[in-house]
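Presented below is the structure to which this report refers.
As the structure is a computational prediction, the values presented were derived from the model and not from experiment. In what follows, every chain begins at residue 1, and chains take the letters A, B, ... in the order their sequences are listed.
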There are 2 protein chains.
Amino acid sequence: MAHRDDSVETIQLEMTAFARRARASAARMHPELSLVSYTLLAHLDDQQGCRATDLAAHYLLDKSTVSRQIAALENLGFVERRIDPDDHRVQVLHPTDKGAQVLANVTASRRQAFRERLADWNEDDLDRFATYLQRYNAAQERHG
Amino acid sequence: MAHRDDSVETIQLEMTAFARRARASAARMHPELSLVSYTLLAHLDDQQGCRATDLAAHYLLDKSTVSRQIAALENLGFVERRIDPDDHRVQVLHPTDKGAQVLANVTASRRQAFRERLADWNEDDLDRFATYLQRYNAAQERHG
DNA sequence: CATCAACGTCGCACTACACAACTAGATCTA
DNA sequence: TAGATCTAGTTGTGTAGTGCGACGTTGATG
C-alpha cells in the first residue's frame, strides 16, 4: 500500500500545484479574458447557448457568481442574452460574433502555449495523460 | 498532428477544469487551512523550515502575499519565526507542534478523499499519472 | 386565487493576489 | 569608513473571484 499512497500523494500535490498557478498564468496570458470568463464563454460556444443556472450547476459555482461573470462578459460585448419566450424568467445566453472571435483567439494562443509546454512528449504519453485527466476529473465530479 | 492536438486540447481543458474546482473544494473540506496556507505549511514541514522569499520563489507568489499568509499562520499559532543569527533580515520559518499536528490531520483527510477518488485505479495507472503530472508541472515551471 | 418554487440580481463580507512604497539590515565601492 | 546599492520582509492600496442571504419577477401547483 506504501507505493500506492506515494502516487496518491504526488497526484494530490501536483494537482494542487497546478491549481495554484493556473489562474495567475491565465490572467498573465489573457488579461482580456480570465480563466473563469474563458471557461464560461467556451461552454456557451460549445453548447450553442445555455442558461446561467446551467453554467452554475456545471461548474459548481454560485448563481450570483455566474450572474456577475455573465454581466461582465455582456459589458465587454462578448455575450448576449435572449429571453426565453416560453419562460420569461430564463435568459438563454449566447456568445456574440465578437465574443466567439475573442474566444477563438484565446483558445488558439492557449493551445499554442500548451503545445510548446508538451512539445517533447510523445504521442502515446500525451494520449495516456489526457485519458488519466479525464478519468480523474470524472471521478471528482462523482465524489465531490 | 490531429490526434496530438486533440490530446493537448483535452489536457488543457481538464487541467483548467480541475483548477476551477480545487480551491473551492479545499475551502469546503478544510475551512481552517486554505489551499495556499496548507501548501505553504506543508512546504515548511517538508523542508524543515525555510525563508519567506524561498516560498515566494517556489510557488511563484508575490512576497507580500507570502508575508500575509505567514502572518495569518503565525496568528493561528501554526508557524513560528526564528531570526537568522547570521543575517538579521531573514526569518527562518518553522511549523509549530500545533501547526504540524493540524497539517497532519488535513493531510490525512485530503489523502483519504483522494484515495477514495482514485480507489478504482490500479497501481500502474496511478504511478504513470503521478509521473505525468510531475513532468507536466516541471515543464510549466520552465516555460512559465 | 394563494402559495410555493425557480431564475436571476444585488448588497455585503471575505479571501487571494499583485504592485509599489517603505523600513531595516547587509554588502559593495571609492 | 561613508555612501550607494542590494536584499528581506511589511504595509497600503486596488482588483478579482466567490458565497450567502435578501429580494423582485415569473411560472407551477394546490
Side-chain angles (χ1 to χ4, degrees), chain A residues 16-17 19-41 44 49-76 79-93 144, chain B residues 16 19-41 44 49-76 79-94 144:
Chain A
T16 52
R20 243 181 299 106
R21 294 180 195 143
R23 195 178 300 256
S25 165
R28 243 178 292 121
M29 279 169 56
H30 304 290
E32 78 278 18
L33 210 54
S34 77
L35 187 59
V36 183
S37 307
Y38 169 79
T39 306
L40 297 184
L41 189 54
L44 292 184
C50 72
R51 302 177 305 163
T53 301
D54 297 336
L55 290 175
H58 193 261
Y59 294 117
L60 305 179
L61 292 169
D62 192 81
K63 58 185 179 166
S64 65
T65 299
V66 173
S67 173
R68 275 180 263 265
Q69 291 288 339
I70 294 300
L73 286 171
E74 190 188 26
N75 278 338
L76 291 167
V79 158
E80 67 178 19
R81 308 164 189 256
R82 302 181 193 157
I83 302 290
D84 184 335
D86 295 343
D87 184 340
H88 285 203
R89 290 172 305 180
V90 323
Q91 311 166 358
V92 183
L93 307 168
Chain B
T16 52
R20 243 181 299 107
R21 294 179 197 146
R23 196 176 300 259
S25 165
R28 242 176 294 124
M29 279 168 57
H30 304 290
E32 78 278 18
L33 209 55
S34 77
L35 186 59
V36 183
S37 307
Y38 168 79
T39 306
L40 297 184
L41 189 55
L44 292 184
C50 74
R51 302 177 306 163
T53 301
D54 298 335
L55 291 174
H58 193 261
Y59 293 116
L60 305 179
L61 291 169
D62 192 81
K63 58 184 179 168
S64 66
T65 300
V66 173
S67 173
R68 274 180 257 263
Q69 292 287 340
I70 294 299
L73 286 172
E74 190 188 27
N75 277 338
L76 291 168
V79 158
E80 66 178 18
R81 308 163 190 257
R82 302 180 194 159
I83 302 290
D84 184 336
D86 295 342
D87 184 341
H88 287 202
R89 291 170 306 177
V90 324
Q91 310 166 357
V92 183
L93 307 169
H94 291 268

| End-to-end axis angle, where each axis spans five pairs of the helix from C/dC1-D/dG30 to C/dA30-D/dT1, to 10° |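 The angle separating the two end axes equals 10°.
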
| query | Is there a side-chain contact between A/Thr53 and A/Val66, using heavy atoms and a 4.5 Å cut-off? | reply |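 In short, these two side chains do not touch, never coming nearer than 4.5 Å.
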
| said: Are A/Leu55 and A/Leu93 packed together at the side-chain level, in the sense that at least one heavy-atom pair is separated by less than 4.5 angstrom? | reply: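 Yes; the side chains approach each other to less than 4.5 Å.
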
For the pair made of [atom1] in [X] and [atom2] in [N], what is the distance, rounded to whole Å?
X: A/Leu93; N: C/dT9; atom1: CG; atom2: C1'; answer: 14 Å
X: A/Leu73; N: C/dT9; atom1: CG; atom2: P; answer: 12 Å
X: B/Asp62; N: C/dC22; atom1: CG; atom2: P; answer: 17 Å
X: A/Glu32; N: D/dA16; atom1: CD; atom2: C1'; answer: 16 Å
X: A/Asp54; N: C/dC7; atom1: CG; atom2: P; answer: 8 Å
X: B/Asp86; N: C/dG25; atom1: CG; atom2: P; answer: 16 Å
X: A/Tyr38; N: D/dG17; atom1: OH; atom2: P; answer: 16 Å
X: A/Ile70; N: C/dG8; atom1: CD1; atom2: C1'; answer: 12 Å

| query | Does a side-chain N or O from B/Thr65 land closer than 4.0 Å to OP1 or OP2 of C/dA18, or not? | reply | yes

Could you pull out the closest heavy-atom pair between [X] and [Y], with the gap in Å?
X: B/Gln69; Y: B/Val36; value: CD-CG1, 3.8 Å
X: A/Leu76; Y: A/Glu32; value: CD1-O, 4.2 Å
X: A/Leu44; Y: A/Cys50; value: CD2-SG, 3.6 Å

Any donor-acceptor pair under 3.5 Å between the side chain of [X] and the base of [N]?
X: A/Ser64; N: D/dC20; value: yes
X: A/Ser67; N: C/dC7; value: no
X: B/Arg68; N: D/dG9; value: no

| About how many Å separate CG of B/Leu41 and OG of B/Ser34, when rounded to the nearest 0.5 Å? |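 B/Ser34 atom OG to B/Leu41 atom CG measures 10.5 Å (nearest 0.5 Å).
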
| said: Suppose we screen for salt bridge (Lys or Arg N to Asp or Glu O under 4.0 Å). Which residues come up paired with B/Asp84, at least two apart in sequence or across chains? | reply: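 Counting only residues at least two positions away or on another chain, B/Asp84 forms no salt bridge (Lys or Arg N to Asp or Glu O under 4.0 Å).
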
| query | Would a distance-only check, ignoring hydrogens and angles, find a side-chain to backbone donor-acceptor pair under 3.5 Å from A/Thr39 to A/Leu35? | reply |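 Pair found, side chain donor or acceptor close to backbone of A/Leu35.
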
| message | Testing B/Arg81, B/Arg82, B/Glu80 one by one against B/His94 for a side chain to side chain donor-acceptor pair (under 3.5 Å), which residue passes? | response |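 Between B/His94 and the candidates, side chain to side chain donor-acceptor pair (under 3.5 Å) is satisfied uniquely by B/Arg82.
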
Which pairs, protein N/O on one side and nucleotides 2-8 of chain D N/O on the other, fall under 3.5 Å?
unit_1	atom_1	unit_2	atom_2	d
D/dT7	O4'	B/Arg89	NH1	3.2
D/dT7	O2	B/Arg89	NH1	2.9
D/dA8	OP1	B/Arg51	NH1	3.1

| message | What's the closest nucleotide to the side chain of B/Arg81 if the choices are D/dG9, D/dC20, D/dT18? | response | D/dG9

| note | Nearest-nucleotide check on DNA chain D, A/Ser34 vs A/Pro85; residue mapping nearer the 5' end is A/Ser34

